[in-house]
Structure formats: structure tokens, C-alpha cells
**Q** 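Pasting a structure here, questions to come.
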Amino acid sequence: MCGRARCTVRVDAVGRACGFSAPLRSVNADRYQPSYNVAPGAHMPVVRHDGAGDAREPVVHCMRWGLVPNFAKKSEKPDFYRMFNARSESVHQKISFRRLLAKNRCLTTVEGFYEWKKDGQKKQPYYIHMQDGHPLVFAALYDTWESPEGDMLYTFTILTTRVSKRLEWLHDRMPVILKGQDTIDSWLNDNLSEDVMKKLTQPYEAPDLIWYPVTPAMGKPAFNGPECIEEIKPKVAGESNIAQMFGKQLAQENKSHVNKVMSQDIKDEDFLNDEDFKALLAGMQPDQDVSEAVSHSEYSSLDRLNTQATPKEEAPPLIKPETKEEDPPLIKPETKEEDPPLIKPETKEEDPPLIKPETKEDHVPQTNKEEDSATAGVKQKQSNLLGFFSKE
DNA sequence: CCAGACGTTGTT
DNA sequence: GTCTGG
DNA sequence: CCAGACGTTGTT
DNA sequence: GTCTGG
């Protein structure tokens with residue numbers, strides 16, 4: 001599945017990432033805060049078609065992740081976590097999604113997403129992304145919901161599918177990644193047959209989708225800087241020492257067949273690098289000044305790629321997830337503070353202060369007051385097609 | 001007819 | 001909105 | 001998705 | 001465990 005992502009793509013690069021050569025009009029771009037750790041509820045750039053007939057055109061519309069269906073009760077707060085994913089296998093038999101298939105398909109682009117793999121008690125997050133740093137294009141559906149105040153809320157959900165063979169050891173679901181222009185166009189334009197649908201929702205198998213472990217600190221949504229995607233050495237039971245060496249070696253082998261994806265011309269400037277991001281946090285415009293940066297964006301961090309980043313095509317998982325668990329490493333790693341002893345010593349001496357030390361932690365942006373924008377509501381003109389999705 | 005649900009994970 | 005359950 | 005809280009009384 | 005918040 002997909003419940004967390006890095007979304008730092010610039011709004012003006014989203015269209016290109018989806019294969020549009022001309023710049024796209026944008027809607028509510030101001031609400032989008034690029035982040036290395038977006039969760040449902042956040043605003044993200046989405047490409048959808050707006051208008052009908054001759055006026056029909058693709059736009060980059062910043063919407064909130066997590067579908068709030070049109071019929072949601074106005075009496076309660078919108079819940080962005082209930083439907084942030086939609087299973088592609090069942091999407092046409094689910095009431096909440098089926099209605100969106102004809103006219104409300106859209107795309108969203110992220111540089112990568114996170115999955116947590118449980119290793120015993122611990123959960124280790126991994127960052128999954130294209131080896132060359134290009135954004136991933138996800139298939140998505142959007143809907144609108146009118147708030148009690150009369151504002152129109154746009155939300156979307158990301159389609160998921162079973163995982164590719166390669167990703168199997170990590171997880172069992174993954175987002176529907178559209179690969180290639182034909183696939184993207186197919187999803188966006190109004191001609192979906194069952195066959196096409198099936199083809200589009202195949203799990204992404206190519207070896208240029210890679211992953212590595214990242215700091216567990218990114219589990220906290222407020223931890224949303226570039227550190228989120230820094231590779232760490234997994235301190236995971238069963239994945240240390242030998243396994244790591246193996247992974248490293250394998251990753252190197254795999255480096256030999258890196259291939260380029262899509263024929264588009266995506267440049268460094270399309271991504272927020274660390275400098276841009278810091279500037280952004282500081283309230284500056286990413287575009288102005290901010291050195292020329294570039295230096296160590298995607299690519300330098302890619303050089304540090306190692307550890308079982310890329311399991312082989314059909315090779316079984318390097319590390320058998322179930323096989324280990326309690327296996328002590330051959331060589332005792334240096335003192336791990338986190339290591340739970342077999343028997344819990346009661347040394348746990350956390351004296352609760354009478355008064356909670358104030359958790360200075362968040363500077364979380366303000367609440368979004370979905371104000372009435374000049375945006376016209378979508379004129380949904382029902383039209384032809386789609387007798388298809390009435391199967392069971 | 002009206003009322004109520006409408007979704008995804010992951011877990012042992 | 002649209003489907004299921006009573 | 002993960003993180004963090006999870007309660008009452010009565011008070012200035 | 002279960003709910004809320006981001």
C-alpha cells in the first residue's frame with residue numbers, strides 16, 4: 001500500500017513529469033507544501049482534466065490526499081485516512097470508487113514512497129524510488145465534497161495493486177505506477193476497457209525501482225526534511241553483517257543495468273534539493289537566489305546506494321524474513337542500546353515529571369482554511385462509455 | 001419503503 | 001449518489 | 001501510514 | 001487495545 005511519500009516535485013514540473021510538453025495551468029498551487037514526508041490530509045499536486053469539449057485541458061490541481069467522497073456527511077469532519085488508497089482489483093465494485101472511474105481519474109507524482117517492514121517488534125521504514133531520481137506517476141481518482149461553509153474540497157485516492165515479485169519481501173501491496181507515456185495517457189483519457197485497466201494496474205516490475213532503509217524517525221509526520229530519505233545501515237535483526245554485505249554486493253551488480261525511464265526531459269531543477277527545501281522552510285521562494293545548488297541532490301545520494309537496494313529480478317529475497325527473528329548475529333555487534341534483553345530488567349527508570357516537559361516539536365503549518373477559490377466547480381458532463389464496469 | 005453503509009491496512 | 005439490508 | 005494519548009475533580 | 005491527530 002502507500003501511506004507516506006516524498007512529494008517535493010515542483011508544481012511547474014508536474015506536467016512534464018506526466019509527459020506534457022506545454023506548461024499546465026495550476027489550481028491552488030499555493031496550498032502545496034513540498035515535503036519529504038507527506039501523509040494523507042496533505043495537499044499534493046494532481047493532474048486532472050478540466051473542462052469539456054474544446055475547453056478540456058489538463059491542469060495541475062493541488063488537492064488533499066485521502067478521498068472524501070461527495071456524499072460524505074457534512075456534519076462530521078472529513079476523514080482523509082479512510083480512503084487514501086483504493087484497490088485496483090476491486091475499484092469498480094466499490095460504491096465509493098466506481099462512480100469516479102468514468103470522469104474523475106487523475107495522476108499524482110511523487111519522487112518516492114515509504115513502506116514499513118516489520119522485523120520482530122521493530123518496524124523499519126524503507127524509501128522506494130526510481131534509481132535515477134525521476135518522479136513516479138501514480139494512478140489516482142479524485143472527488144469533490146462541499147464543506148458546510150460551502151467550500152469545495154478536492155481530494156484524491158491512490159490506486160494500489162499487489163506487489164511486484166521484486167518487492168515481495170518488503171510488502172504485499174504497492175501503488176499503481178504508470179510507466180511510459182502511453183500508460184499515462186491511457187489512464188487520463190476517457191477510454192478504459194477492462195483489458196486496458198488490467199494492463200495499467202500491473203505491478204511495476206522493472207529493476208530501476210529500488211529501495212533502502214531510512215531512519216525510523218521519519219515515522220513521525222512532523223519529521224519531514226531531506227533526512228527522511230537518507231539511507232541508513234539497517235539495525236535490523238537478521239539483516240546485519242553478512243546479509244548486509246550480500247546486499248551491498250548485489251546492489252553493485254545491479255548498478256550495471258540501470259536504464260533510463262520515459263523519454264522525457266526531466267532536469268535537476270525540477271526537484272527541490274536540500275537548499276531549496278531549507279529555503280522554503282525559511283519562508284523564501286524556492287526560485288529566488290538560493291545558490292545554484294544542484295550539487296548533491298538525487299544523484300549524489302544515489303552514489304551512496306548500497307545495501308540490498310535492489311534484489312535481483314527473480315532471485316528470492318536475500319533475507320528470509322521468517323527465518324531469523326531471534327537469530328543472534330554471528331558476531332555480536334557493538335552495544336545496541338535498543339536491544340531488548342531476553343528478560344526485561346526493570347531498570348526502566350522513567351520518572352514521570354509532574355508536569356510534562358513541553359514538547360517543542362512542531363511548527364506545523366497552519367490549518368488550511370479551504371477558502372473559496374475562484375476555481376469554478378467541475379462541470380461534469382456525463383458522457384458515453386463505461387457499460388464496462390458492471391461486472392462482478 | 002426507509003436506514004445505513006460506502007475503505008484500506010494488517011494481525012495471529 | 002447508489003447499493004444492501006430489513 | 002505512524003505517533004501519541006488514553007482520566008477525574010475542582011480551581012483562579 | 002483503541003481512538004485521535006498529523
Side-chain angles (χ1 to χ4, degrees), chain A residues 1-7 33 35-44 64-104 110 112-128 138 140-146 155-163 170-176 214-225 228 321-322 325 350 352 356-368 378 380 382 386 389-392:
Chain A
M1 62 89 63
C2 178
R4 242 19 126 67
R6 167 192 175 184
C7 185
Q33 277 292 124
S35 167
Y36 284 82
N37 198 355
V38 289
H43 286 266
M44 293 168 63
R64 298 182 75 174
W65 180 15
L67 193 88
V68 177
N70 188 256
F71 51 78
K73 294 184 183 67
K74 295 195 194 322
S75 54
E76 40 193 68
K77 288 189 311 185
D79 183 354
F80 301 106
Y81 297 86
R82 206 154 39 158
M83 289 183 264
F84 58 85
N85 282 164
R87 291 184 163 246
S88 58
E89 301 94 328
S90 56
V91 78
H92 48 262
Q93 43 227 75
K94 300 294 185 181
I95 284 179
S96 302
F97 301 137
R98 185 172 48 200
R99 2 168 283 135
L100 307 175
L101 278 171
K103 303 292 294 180
N104 290 45
V110 302
F113 60 102
Y114 304 94
E115 295 290 1
W116 281 259
K117 177 179 168 55
K118 29 183 195 314
D119 294 286
Q121 284 303 321
K122 298 169 186 168
K123 275 182 294 186
Q124 173 61 53
Y126 290 79
Y127 177 57
I128 305 153
F138 290 165
L141 297 168
Y142 72 93
D143 203 352
T144 59
W145 179 77
E146 188 176 353
T155 59
F156 69 96
T157 187
I158 295 171
L159 268 71
T160 65
T161 180
R162 70 175 199 280
V163 282
L170 217 194
H171 219 263
D172 57 349
R173 307 281 310 166
M174 71 188 292
V176 171
V214 295
T215 175
M218 58 74 51
K220 184 200 280 282
F223 188 91
N224 63 357
C228 289
E322 323 77 43
E325 225 56 357
E350 293 303 316
K356 198 103 178 192
E358 75 175 84
T359 75
K360 194 66 185 125
E361 174 75 274
D362 44 294
H363 51 88
V364 180
Q366 75 309 347
T367 75
N368 322 40
V378 229
Q380 303 279 43
Q382 279 306 352
L386 275 319
F389 305 102
S390 42
K391 81 172 244 186
E392 50 173 354

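What you see below is based on every heavy atom in this structure, not just the backbone, and it leaves out hydrogens, waters and symmetry mates. The sequence lines fix the lettering, A, B, ..., with proteins before strands; numbering per chain opens at 1.
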**Q** Determine whether the aromatic ring of A/Y81 stacks with the base of E/dG6, defined as ring centroids separated by less than 5.5 Å and ring planes inclined by less than 30°.
**A**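 So yes, this residue stacks on that base, both cut-offs being met.
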**Q** Would you please determine if the base of C/dT2 is stacked by A/F71, with stacking meaning a centroid separation under 5.5 angstrom and planes under 30 degrees?
**A** no
**Q** With respect to the side chain of A/K94, which nucleotide from C/dG1, D/dC1, B/dT8 is positioned closest?
**A** B/dT8
**Q** Between B/dG10, B/dG7, D/dA3, spot the one nearest the side chain of A/F97, thanks.
**A** B/dG7
**Q** Counting side-chain heavy atoms from CB outward, which of B/dG10, B/dC6, B/dT9 is closest to A/T160?
**A**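 The listed nucleotide nearest to A/T160's side chain is B/dT9.
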**Q** How many whole angstroms separate atom CE of A/M174 from atom P of B/dG10?
**A** 14 Å
**Q** With rounding to the closest Å, how many angstrom separate the P atoms on B/dG7 and C/dC3?
**A** 12 Å
**Q** Counting heavy atoms from C-beta on, name the nucleotide in C/dT2, B/dG10, D/dC2 closest to the side chain of A/D172.
**A**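 Between C/dT2, B/dG10, D/dC2, the one nearest the side chain of A/D172 would be B/dG10.
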**Q** D/dC2 and B/dT11: how far apart are their P atoms, nearest whole angstrom?
**A** 9 Å
**Q** Take atom C1' in B/dT9 and the same atom in D/dC1, then report the distance between them in whole Å.
**A** 9 Å
**Q** When you measure from the side chain of A/R173, which nucleotide among D/dC1, C/dT2, B/dT9 comes out closest?
**A**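 Closest of the options to the side chain of A/R173: B/dT9.
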**Q** Taking the minimum atom-to-atom distance to the side chain of A/R98, which one of C/dT2, B/dG10, D/dC2 wins?
**A**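 The answer is C/dT2.
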**Q** Using the C1' atoms only, state how far E/dT2 lies from B/dG10, rounded to an integer number of Å.
**A** 15 Å
**Q** Nearest of D/dC1, B/dG7, B/dT8 to any side-chain atom of A/R82?
**A** B/dG7
**Q** In whole angstrom, give the distance that lies between atom NZ of A/K77 and atom C1' of E/dC3.
**A**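 The answer, rounded to whole Å, is 11 Å.
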**Q** Checking contacts here: which listed nucleotide (B/dT8, D/dG4, E/dG6) is nearest the side-chain heavy atoms of A/R87?
**A**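 Ranking B/dT8, D/dG4, E/dG6 by closest atom to the A/R87 side chain puts B/dT8 first.
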